[in-house]
Amino acid sequence: MALIRCNKCGHVAEVAAELTGTPVACPACGNATPAYDTVLFVRKVLQQYFALRDELQRLQAAQPGAVAPAATAPSAAASAALDLHNTDQLASDAQHAAILDWFQRRQIQVRTNPDAVNTTGFFDEIAVEIGDNYALYGEVVDKIRWGQQKDVPNFSLKFADRSQKDGQAINAFCKRLYDHTFLAKYYYQKPEKIGRATLQPAPNIRRFFAGEWLEWFALMKLLAFFGERRRAVSCTRNLSVIFPNEDLHELDVFFLVDGATPVCIECKTGEFRQEIDKYLRLKKRLDIDRSQFILCCTGLSDEQAAGLSGMYELSFVSPAGLVPHLAKLF
């Protein structure tokens, strides 16, 4: 069947499918009205409906003291009650519902990875520790990553040339890595002031040091940031996005704030320059503002991040610059 909606009297009626695309006399008033394919007609109506709903939610969120609708995202009060570093509630279907709805309204299919936001393990704590102290612990992460890439199972750290304070901090960090099984072995040779470690070959640990630690860092920093501001959010990590032409992409970290405002963070611990064009096209297809599509890259100075952000329709930040950037937006 096809549908007509009279532009004169507003009457809606079904007509034969073969009349699609041709003018049909309105049964109520006789006005010539085009007949539309039913699926196309309903899709257009839904697109307009969801666009108006998004705008209404945005305006409601902008009002002083406004609270985001409970159906769009977990409430700020509920999020504040969670122990963010030890919960599986972020992996629930309800927590992801607002994000799924946001993409569905844009005719984009998504597949979530619930385990990627389950914080009952130690990935999140270690990631935050690395990101907050990257200048100090970055060498340890680099040695682990190099050993994984080259299949060299052992590495050592010389503490003799370091300050006593830095040496103690790095040694304690390596002991925590061992205690939480991120290293298979670690011991400190006190007379020589050398730490010796053996890599953990488990696949999830290899992925963590290959770059997932920065995704965990971004996830936890945003959860803490929005929690402090009492904003209702939905979050996900490693979200598979399938566009109508079946193009497949994965988003490292994605947040939906107050059920309406997207924040997408792509995390890069290695070379990123050859992928800038890919992210520009992805930002355009998702229709996300440049300030909310963020490339968080290790090794960037504040000056470099500001310069790259001025050159491209993207926001570049270092791990240390992530929260200050968000503070300008929310």
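Open room surrounds CD on Gln109; 12 or fewer heavy atoms of other groups in view lie less than 6.0 Å from it. Heavy-atom contacts from other residues, nucleotides or ligands closer than 6.0 Å to CZ of Arg111 number 12 or fewer. Atom CD of Gln164 sits in a sparse spot, with 12 or fewer heavy atoms from other residues, nucleotides or ligands closer than 6.0 Å. With a 6.0 Å radius and a threshold of 12 heavy atoms from other residues, nucleotides or ligands, Lys143 has its NZ atom above the threshold. By the 6.0 Å contact criterion, CG on Asp93 is open, its count of non-hydrogen atoms from other residues, nucleotides or ligands being 12 or less. Applying the 6.0 Å contact sphere to CD of Gln274 captures more than 12 heavy atoms from other residues, nucleotides or ligands. Around the CG atom of Asn154, the shell of radius 6.0 Å holds more than 12 heavy atoms that belong to other residues, nucleotides or ligands. For Gln149, the CD atom is densely surrounded, since the number of other residues' heavy atoms within 6.0 Å is greater than 12.
Taking a cutoff of 4.0 Å between a charged side-chain nitrogen and a carboxylate oxygen, Lys175 and Asp179 do not qualify as a salt bridge. Taking a cutoff of 4.0 Å between a charged side-chain nitrogen and a carboxylate oxygen, Lys193 and Asp161 do not qualify as a salt bridge. Ion pair Glu275/Lys268 flagged as a salt bridge, since at least one NZ, NE, NH1 or NH2 atom sits closer than 4.0 Å to an Asp/Glu carboxylate oxygen. A salt bridge does not link Lys278 to Glu266: none of the charged side-chain nitrogens sits closer than 4.0 Å to a carboxylate oxygen.
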Going through the distances and angles, do Tyr137 and Trp213 end up as a ring pair (Phe, Tyr, Trp, His ring centres under 6.0 Å)?
CA-CA 13 Å; Tyr137 299 156; Trp213 72 264; over 10 Å; no

Step by step, would you call Phe217 with Asp132 a side-chain contact (heavy atoms from CB on, under 4.5 Å)?
CA-CA 9 Å; Phe217 172 81; Asp132 284 345; 3.6 Å; yes

Decide yes or no on side-chain contact (heavy atoms from CB on, under 4.5 Å) for His249 and Phe243, but give the supporting numbers first.
CA-CA 8 Å; His249 293 271; Phe243 288 97; 3.5 Å; yes

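Side-chain contact between Tyr186 and Cys174: present, with at least one pair of heavy atoms (C-beta onward) separated by less than 4.5 Å. Side-chain contact between Ile108 and Trp102 is absent, with no heavy-atom pair separated by less than 4.5 Å. Annotation: side chain of Val141 is not in contact with side chain of Phe208 (no heavy-atom distance under 4.5 Å). With contacts defined as side-chain heavy-atom distances shorter than 4.5 Å, the pair Phe272/Leu300 qualifies.
One side chain, Asn245 or Arg285, offers a donor N or O that lies under 3.5 Å from an acceptor on the other.
Residues Arg290 and Glu313 come closest through the heavy atom pair NH1-OE2, 2.9 Å. Nearest heavy-atom pair, His325 versus Ser315, reported as atom, atom and distance to 0.1 Å: CE1-OG, 3.5 Å.
Annotation: the span from Phe122 atom CZ to Thr119 atom OG1 amounts to 11.5 Å, rounded to 0.5 Å. Rounded to the nearest 0.5 angstrom, Tyr178 OH and Leu183 CG are separated by 10.0 Å. Distance check: Gln95 CD to Leu100 CG gives 10.0 Å after rounding to the nearest 0.5 Å.
Judged by a 6.0 Å distance limit and a 45° cone about the ring axis, Arg231 is not positioned over the six-membered ring of Phe330.
Cluster annotation: Leu239 and Ile242 are assigned to distinct hydrophobic clusters (Ile/Leu/Val/Met/Phe/Trp/Tyr, side-chain heavy-atom contacts under 4.5 Å, transitive). One hydrophobic cluster holds both Leu329 and Val317 under the rule that ILVMFWY side chains link at heavy-atom gaps under 4.5 Å. Met311 and Leu280 fall within a single hydrophobic cluster, where Ile, Leu, Val, Met, Phe, Trp and Tyr side chains are chained together by heavy-atom contacts under 4.5 Å.
No side-chain donor-acceptor contact under 3.5 Å links Thr33 to the backbone of Arg5. A donor-acceptor pair is defined here as one N or O able to donate and one able to accept, closer than 3.5 Å; such a pair exists between the side chain of Ser309 and the backbone of Ala305. Asp289 places a side-chain N or O within donor-acceptor distance of the main-chain N or O of Ser291, the cut-off being under 3.5 Å.
Checked against a 6.0 Å centroid threshold, the rings of Phe103 and Phe254 count as neighbours. Aromatic rings of Tyr312 and Tyr279 (six-membered ring for Trp) have centroids beyond the 6.0 Å cut-off, not under it.
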